[in-house]
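Note: hydrogens, waters and symmetry copies are ignored here, and every other heavy atom, side chains too, is used. Chain identifiers are assigned alphabetically (A, B, ...) following the order of the sequence lines, protein sequences preceding nucleic acid strands; residue numbering begins at 1 within each chain.
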Amino acid sequence: MKKLLYALLLAASASIFVVQAKAQVIVIANNSVKASDVSKNDLKDVFTGGSTSLGGGSVVPILLKAGTAHEEFLQAYIGKNDAAYRAGWRSLVFSGQATMPKSLDGDAAVVDFVAHNPGAIGYISKASPHEGVKVLTVH
Amino acid sequence: MKRFLILGAAIVLMSIPVSAQSLEDLNIQIHGYATQGFFYTTNNNIFTTDSSNGSPAWTEAVVNVGAQPIPKLRVGIQARYELFGNYSNAITLDWAAADYKANDKFGVRFGKVKVPSGLLNETQDIDPSYMWSLLPQSIYPIASRNGQLSTYGGVVYGVFALSPKLGKLEYRGWSGEDILASNDGYWLAYTESGLVLPNGVSGITTGGALHWRTPLSGLMIGASTNHKDKQTAFITSGAYTGKYALSEFNVPDFFARYEKNKLMVAVEAQRIAGSYSIQFAGPVSPPGRYDVRSYYAMATYKLTEKFTAGAYDSQTYDRSAPLGPARYSKDWVVSGRIDFNQFLYAKAEQHFIEGTDEDYDADLNPGGLKPNTKLTILKLGVSF
């Protein structure tokens with residue numbers, strides 16, 4: 001019984017960690033993107049190559065190369081680690097179904113690219129400056 | 001000739017934007033991967049290798065060049081070097097296509113394109129994209145890929161949102177000329193008995209697929225059908241020339257996949273039934289018939305960040321074949337993959353095979369086939 005309680009406590013702690021992780025990363029988009037919010041499923045579709053539109057307009061996903069925000073985004077919204085996520089994209093690229101999204105070096109590069117390219121959508125750490133882009137609410 | 005025209009048109013379309021834009025604007029990307037595999041079997045030699053003594057005759061290297069000159073247009077080409085037993089030791093064109101995606105609901109690609117039938121056909125030759133060393137051979141036979149993988153023609157595709165309560169429906173439709181080349185594994189038994197189809201067999205293939213992404217997150221249910229027109233070809237046996245004919249046939253295929261967190265479960269079932277005839281001079285010989293029913297069920301689980309394990313059961317039966325081990329194959333498999341980083345991975349896999357309806361050849365099994373074989377595979381891969 002005690003073991004079961006420990007397991008439940010551990011699971012509860014893990015779920016709190018996931019909620020906190022979600023809170024540490026924000027989804028940003030070029031001001032041309034019509035949507036102001038996005039469902040988790042639609043966001044996953046865009047970032048896994050299943051869709052190229054959001055709110056009736058075309059969007060282009062932009063990735064971080066690595067880092068905490070990247071890992072947290074994948075964990076919270078895609079449900080895969082980096083290796084599995086990129087393997088998914090590679091299967092689309094090698095079968096001729098998609099082009100690999102741009103991967104940029106850090107939050108500042110993502111904000112700069114998203115701000116200057118219509119339809120661009122990316123993600124950064126919540127604490128990073130993000131002037132010139134809109135923040136999408138994920139529900 | 002038609003296939004060269006289609007391919008030519010795709011290549012011309014690829015070259016037009018180059019003159020109009022800088023290389024950076026074209027968003028040119030180069031990707032690739034390479035793998036090295038090793039086989040060991042306890043009994044029968046498999047895949048035209050000397051596998052009972054251990055064989056490393058399985059090497060692949062793939063280079064992919066793609067460009068996206070405008071957001072809705074992508075062009076690309078992919079070449080492959082494959083060494084696989086005695087089947088293959090050559091560089092071939094995987095695909096070369098131009099793809100115009102108007103919106104999520106409609107896109108079209110043409111050239112030499114991958115055939116999007118079944119659950120895994122489009123990606124069955126892309127080793128980095130899956131956990132297994134060998135996909136279920138009942139439906140994705142590695143020795144007979146080139147007639148299934150691609151076609152000189154076009155694909156239309158798109159996805160419709162049904163409603164939040166009904167999920168999304170993806171469609172794909174295709175038509176083109178496909179080629180079962182003379183060195184395809186399908187002809188192995190013919191070749192070893194002295195029958196050669198110097199030009200292989202080619203014909204028109206047409207098909208469609210629906211993938212229903214259900215409201216239950218992670219669950220996709222789908223079906224596809226692939227129609228092959230009647231095909232004829234020259235066949236030779238020594239100095240004699242005759243005619244080989246393959247009747248028209250459909251390949252219905254049903255599949256489902258469920259992915260949730262670290263778990264993936266998939267099932268697929270397929271039937272191929274038809275007849276063929278070989279006619280040299282003399283009286284008409286009765287046609288041969290086949291009615292092959294295949295299925296698999298698989299599951300994988302990500303045990304750690306880097307290690308994934310899984311198992312599948314793959315079975316195939318030719319209901320028109322005589323009773324005995326050659327009529328069926330049952331393949332129980334346990335497998336694991338470790339991703340050292342996003343570029344480098346290794347795989348290990350154990351097969352427990354019953355029946356001999358597999359890719360065994362007579363030349364490398366001169367003592368005859370044993371009904372059961374264990375197959376061990378090790379594989380190392382790198383991709384970028």
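- Heavy atoms of T308(B) lying under 4.5 Å from chain A are absent altogether.
- With a 4.5 Å cut-off on non-hydrogen atoms, K101(B) touches chain A through its side chain but not through its backbone.
- With a 4.5 Å cut-off on non-hydrogen atoms, K168(B) touches chain A through its side chain but not through its backbone.
- Interface summary for chain A: among K114(B), E259(B), K306(B), the most heavy-atom pairs under 4.5 angstrom belong to K114(B).
- Contacts with chain B were tallied for G79(A), G119(A), S51(A), G50(A); S51(A) has the most, counting heavy-atom pairs under 4.5 Å.
- Ranked by heavy-atom pairs shorter than 4.5 Å toward chain A, the options E305(B), Q342(B), R74(B), R213(B) are led by R74(B).
- Atom NZ of K262(B) is surrounded by 12 or fewer heavy atoms from other residues, nucleotides or ligands within 6.0 Å.
- E122(B) touches chain A through backbone and side chain together, each having a heavy atom under 4.5 Å away.
- D42(A) touches chain B through its side chain: at least one heavy atom from C-beta onward sits under 4.5 Å away, while N, CA, C and O do not.
- Under 3.5 Å, the side chains of W132(B) and D127(B) contain no donor-acceptor pair of N or O atoms.
- Comparing N103(B), D104(B), N341(B) by how many heavy-atom pairs each has under 4.5 Å with chain A, the most go to D104(B).
- Listed options N64(B), V113(B), V159(B), T123(B) were ranked by heavy-atom pairs under 4.5 angstrom with chain A; first place goes to N64(B).
- Contacts of Q68(B) with chain A are made by side-chain atoms alone, with heavy-atom separations under 4.5 Å and no backbone atom involved.
- Between H31(B) and F94(A), the angle of the ring planes goes over 60°, which puts this pair in the perpendicular group of the 30/60° scheme.
- When heavy atoms are compared at a cutoff of 4.5 Å, F384(B) approaches chain A solely by way of its backbone atoms N, CA, C and O.
- A cation-pi arrangement is present between R337(B) and Y345(B) under the rule of less than 6.0 angstrom and at most 45 degrees off the ring axis.
- In summary, K112(B) and D94(B) do not engage in a salt bridge, as defined by a charged side-chain N under 4.0 Å from a carboxylate O.
- For Y171(B) and H211(B), the gap between ring centers reaches or exceeds 6.0 Å.
- No side-chain N or O of N41(A) forms a donor-acceptor pair with one of S39(A) less than 3.5 Å apart.
- Proximity to chain A is limited to the backbone of N261(B), based on heavy atoms less than 4.5 angstrom apart.
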